[in-house]
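For reference, the structure discussed in these notes is given below.
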Amino acid sequence: MDANSRACIAYIVASLAGQTKSSIYDFSQGKHISISGTVSDGHANIYDHDRGCHFSGSFGNLYDYGRSCHLSLSINGNSFKGYDFGDNNHYSGTVNGHSVSIYDFGAGQYFSYS
């Protein structure tokens, strides 16, 4: 999964956990990713200022306009999982306070955000 796509997913799940901010810190890239927009139960309409593109849709059918691909997202409490149709890989993760952890099955590693 693309690094900024992961950051958008992290922003969405953090927003639903009440951690809405104007950016999310991506530890793997070592920088803040500026993101704005709205996230409600089951739907997101956000803008990734780092890439200059929208990332929106219902959780079952999100669309990353920067990569021209769909992603799915399913949330269950503090855990979430989904599929990146652009890379054909699954991902899963957890939200714990101000931290989000995503395991990218394609990359075979964890990524952290706050």
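As the structure is a computational prediction, the values presented were derived from the model and not from experiment.
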Side-chain donor-acceptor pair present, Y113, R6, cut-off under 3.5 Å:
yes
For G52, is there any backbone N or O sitting under 3.5 Å from a side-chain donor or acceptor partner on Y47?
yes
Using the benzene-type ring in the case of Trp, are the ring centres of F105 and Y103 under 6.0 Å apart?
yes
Output the distance between atom CG (N88) and atom SG (C69), rounded to the nearest 0.5 Å.
9.5 Å
H98 atom NE2: more than 12 heavy-atom contacts under 6.0 Å
no
So OG of S40 and CG of L16: to nearest 0.5 Å the spacing works out to 8.0 Å
Between OG of S72 and CG of N61, what distance do you get to the nearest 0.5 Å?
9.0 Å
Are the side chains of T94 and V100 in contact, using a 4.5 Å heavy-atom criterion?
no
Given D64 and R51, is the salt bridge (Lys or Arg N to Asp or Glu O under 4.0 Å) satisfied, shown in steps?
CA-CA 11 Å; D64 183 342; R51 292 185 294 163; 3.1 Å; yes
State, yes or no, whether a side-chain contact exists between Q29 and N4 at a heavy-atom distance under 4.5 Å.
yes
List, by chain and then residue number, the residues other than Y25 in its hydrophobic cluster (Ile/Leu/Val/Met/Phe/Trp/Tyr, side-chain heavy atoms under 4.5 Å); write none if there are no others.
F27
Taking all atoms of both residues into account, what is the closest heavy-atom pair of D26 and A3, and its distance?
OD2-O, 4.0 Å
Under a 3.5 Å distance rule, please check whether N96 uses its side chain to pair with a backbone N or O of S99 as donor and acceptor.
no
Please report the C-alpha distance between V95 and F80 in whole Å, then the side-chain angles of each, then the deciding distance to 0.1 Å, and finally whether the side chain to side chain contact (heavy atoms under 4.5 Å, CB included) criterion is met.
CA-CA 8 Å; V95 179; F80 61 92; 4.2 Å; yes
With side chains defined as the heavy atoms from C-beta onward, is the minimum distance between I12 and L62 less than 4.5 Å?
yes
Side chains of H90 and D84 in contact at under 4.5 Å (non-hydrogen atoms):
no
How long is the span from the NE2 atom in H49 to the OG atom in S23, to the nearest 0.5 Å?
10.0 Å
Any side-chain heavy atom of Y11 within less than 4.5 Å of one from F55?
no
Contact check, side chains of I35 and D50, non-hydrogen atoms, under 4.5 Å
no
To the nearest 0.5 Å, how far apart are CE in M1 and OH in Y83?
10.5 Å
Run the side chain to side chain contact (heavy atoms under 4.5 Å, CB included) test against N45 and tell me which residues pass, sequence neighbours left out.
T38, H43, H54, S56
F111 and I9, any side-chain heavy atoms less than 4.5 Å apart
no
Close side-chain approach of C8 to I46, heavy-atom, < 4.5 Å
yes
Distance (rounded to the nearest 0.5 Å) between I24 CD1 and D48 CG:
11.0 Å
With hydrophobic residues grouped by side-chain heavy-atom distances under 4.5 Å, do I75 and Y91 end up in a single group?
yes
